[in-house]
Amino acid sequence: MGRLVSGQSLQWRLALLTGGSVALSVLAVGATSYGVTRWSLLEQLDRELVGVAQTASQTISSNVSNMGGLSADMLGASNGLLALVSADGVVKQVPGQPVALPAGADEITIARMQSGSSARTVDADGTAYRVVSVPMTVDADHYAVLYGRPTTALEATLGSLWIVLLAAGLLGIVTTTVAALWAAQAVLAPVRRLSQAVKSVTQTDQLNPIRIYGRDDLGELTKSFNLMLRSLQTSREQQRQLIADAGHELRTPLTSMRTNIELLLADDKSGMLPEGARSVILGDVAAQLGEFSALVGDLVALTRDDHLQRPHEPLDMADVTEAAVERARRRGPGIRFDVALEPTPVMADAATLERAITNLLDNAVKFSPSDGTITVTLEDGTLTIVDEGPGIAEEDLPLIFDRFYRSDRARNTPGTGLGLSIVDHTVRAHGGSVRASNDTERGAKFVMRLPVITETAEPAL
C-alpha cells in the first residue's frame, strides 16, 4: 500500500488527501447527527411513554387487584405492554398480555422511593421494548407502573437516517474528491509545464527560457528557473570561451617546447647543433616550462571557487596589503614603494585577497622603470596603486580585466594575461569592485574597493 501511494502523482495525492479529509469530516458530522437524533427521539418517546404510564396509574389505582379493569385488548392498538411491580419486587401483568414485562432494579427502586421515573430498553420475547416506570401509591402500598412500547418505529426512523447520512456522505466524498482532482489538475498545470521544460532542457541541452503564465508563487518559481537558465547559459559561454582562450594560449608554449625538444632529439642522433646551442635551447625550454606552469596555475586559481566556499573572517586589509607589498619588493628590488596604509577592517579570505593585491602590484612592477616609484594608498576600504609606467591605452581600458587579454604594450612582457582577471574575480567575490585608469601625471592607476565593517564596542562587564 505504501509503495502504491508513493507512486501516485502529486495531483492524485492532493485529491486523495482532500477526499480523506472530507471523509473524516463526514464521519464526524454523521456520527454526531445520528447520536443527537437518536437521543432526541428517545427523549421524545420517553416523555410520551411516561405520560401514558401516569394515565394508566390513575386507572390502576382504582382497583389494583384486577389492574383497574385494563386488558391486553385495550392496549393492543398501541402494541404497548403494561405491568405493575410492588416495592417487594412482585410483578403483576395486564390480563391476556402476550409478552410479560420484566421488572428490574430501576423499577423496584422507583416503587420504593416513589419519586422520579426510569426509562430503559429491554428485550422481551425477541423484541426490543422501551420501558418506563412511574411511582404509584395505593393505601400505603407502594408500586411502580411499567409501560413499554416496541422500538420498531424508532429503529426504522434511525435506519432511514443512517442510510441518508451514508448516501449523502459518500456522494459528498466522491464529489469533493472529483472536484479536488480537477482543481489540482488546473493548479498544477504550471508545475507540469515547468517539469516538461526541465525535461526538455535535460534531453535537448537547449537552455530556452520558460513562458511565465502568472504572477503567483509558480510564476516566481518560473522566473527563478529562467534566471538559473540564464546564469547557466552565461556560465557555459564563459566556460567555452575559457577553453578556447586557454587552448590558444597553451598552444604557443607547447609548440615552442615541442620544436626545441625535437631539435634536441635530432641533435642526439646527428650532432648538428653548434657548440653552446644546446644550452641555449635547454634554457629556452626551462623558460617555456615556467611560463606554462604559471599559465596553468593562473587557470586553476581563476576557475576555482574555493574562496566562495571558505567562510570570510574579519581581518585588517592593511596587514594583507603590507604582506603583498613585501612580496612585490623582492620582485622589483630597484623600485621604490611609497606606502601609506591605515587600518581597514574587512570581511575577507586572507589568502585570496593577498593574491589579488599581489597581482596588482606585480602588474605595476612589470611596467614601472627599474628606478621608478609605486604609490600604494589604503584609506576607507579603498586601495589605490599608481605606477610610473607608460599607462594603459584608452582602447584597452574596457578590456583590461578580460581573461587572456594582453595589450600591444604587454605582448613582449612575461605573463599569462590572467592576473588582472583573477583580481576582478576575487574582488567581486568579496562584494567589492576594481577599476583601472590612467593617472594624469604618472602611469597606470588601479583602484580596489571593499566593504568596510564597523567595529562594535565590546559589551561592558
Side-chain angles (χ1 to χ4, degrees), residues 290-291 294 297-298 301-302 315-346 348-403 405-428 430 432-450 452:
E291 182 179 352
D298 285 345
L302 190 60
L315 52 84
D316 191 348
M317 189 174 174
D319 296 337
V320 178
T321 304
E322 186 176 356
V325 170
E326 290 302 319
R327 294 177 62 178
R329 290 184 196 274
R330 294 192 292 270
R331 298 174 185 178
I335 297 177
R336 178 175 174 270
F337 286 83
D338 185 7
V339 181
L341 308 176
E342 68 175 23
T344 305
V346 296
D349 176 64
T352 54
L353 181 58
E354 182 178 343
R355 180 184 180 92
I357 298 174
T358 300
N359 286 352
L360 289 179
L361 293 173
D362 285 346
N363 185 78
V365 169
K366 183 192 304 184
F367 292 100
S368 291
S370 58
D371 58 347
T373 299
I374 297 176
T375 302
V376 182
T377 305
L378 176 60
E379 183 180 5
D380 294 333
T382 301
L383 175 65
T384 305
I385 299 175
V386 182
D387 60 40
E388 293 184 346
I392 306 171
E394 291 297 326
E395 63 272 14
D396 293 330
L397 284 175
L399 308 173
I400 199 69
F401 293 105
D402 291 351
R403 295 172 180 175
Y405 181 78
R406 303 184 71 181
S407 65
D408 293 336
R409 298 176 183 178
R411 300 263 179 212
N412 298 323
T413 60
T416 63
L418 292 175
L420 294 181
S421 294
I422 293 174
V423 173
D424 181 62
H425 187 66
T426 302
V427 172
R428 284 190 289 107
H430 284 80
S433 63
V434 61
R435 182 173 56 87
S437 60
N438 289 307
D439 189 76
T440 54
E441 299 179 357
R442 303 174 66 184
K445 178 181 180 181
F446 288 87
V447 179
M448 175 195 295
R449 292 185 176 89
L450 291 182
V452 179

What's the shortest heavy-atom distance between A356 and V423, and which atoms? O-CG2, 3.3 Å

Any heavy-atom pair between the side chains of L341 and V376 that's under 4.5 Å? yes

Apply side-chain contact (heavy atoms from CB on, under 4.5 Å) to A328 and list each qualifying residue two or more places apart in sequence or on a separate chain. F337, L361, V365

Under the rule for salt bridge (Lys or Arg N to Asp or Glu O under 4.0 Å), what residues qualify as partners of E342, not counting sequence neighbours? none

Rounded to the nearest 0.5 Å, how far apart are CG of L383 and OG1 of T344? 9.0 Å

With rounding to the nearest 0.5 Å, note down the distance linking CG in L360 to CG in L420. 6.5 Å

Please list, chain by chain and in numerical order, all residues satisfying side chain to side chain donor-acceptor pair (under 3.5 Å) with R435, sequence neighbours excluded. none

Sorted by chain and number, sequence neighbours left out, side-chain contact (heavy atoms from CB on, under 4.5 Å) with R327 holds for R330, R331, E354, T358

Do the non-hydrogen side-chain atoms of N438 and L397 ever get within less than 4.5 Å of each other? yes

With sequence neighbours excluded, tell me which residues meet side-chain contact (heavy atoms from CB on, under 4.5 Å) with D338. R336, T373, T375

Nearest 0.5 angstrom please: I392 CD1 to D387 CG, how far? 8.0 Å

D424 meets the side-chain contact (heavy atoms from CB on, under 4.5 Å) criterion, sequence neighbours left out, with F401, R428, V434

State, yes or no, whether a side-chain contact exists between I374 and V386 at a heavy-atom distance under 4.5 Å. no

Contact check, side chains of T352 and H425, non-hydrogen atoms, under 4.5 Å: no

Checking D316 side chain against A318 main chain: does a donor-acceptor pair fall under 3.5 Å? yes

Distance, nearest 0.5 Å, that separates CE of M317 from OG1 of T382: 8.0 Å

Residues 443-450 side chain polar contacts: donor-acceptor under 3.5 Å, at least two apart:
none

Non-neighbouring partners of E379 that pass side chain to side chain donor-acceptor pair (under 3.5 Å), sequence neighbours left out: none

Flag side-chain contact, heavy atom, 4.5 Å: P345 against L315: no

Any sub-3.5 Å donor-acceptor pair from H430's side-chain atoms to D349's backbone N or O? yes

Minimal heavy-atom distance between A364 and I385, with the atoms involved, is CB-CG2, 4.2 Å

When rounded to the nearest 0.5 angstrom, what distance separates CG in L378 from OG1 in T321? 5.0 Å

What heavy-atom pair brings V320 and A350 nearest, and what distance separates the two atoms? CG1-O, 4.2 Å

Correct closest heavy-atom pair for A348 and L353 would be CB-CD2, 3.9 Å

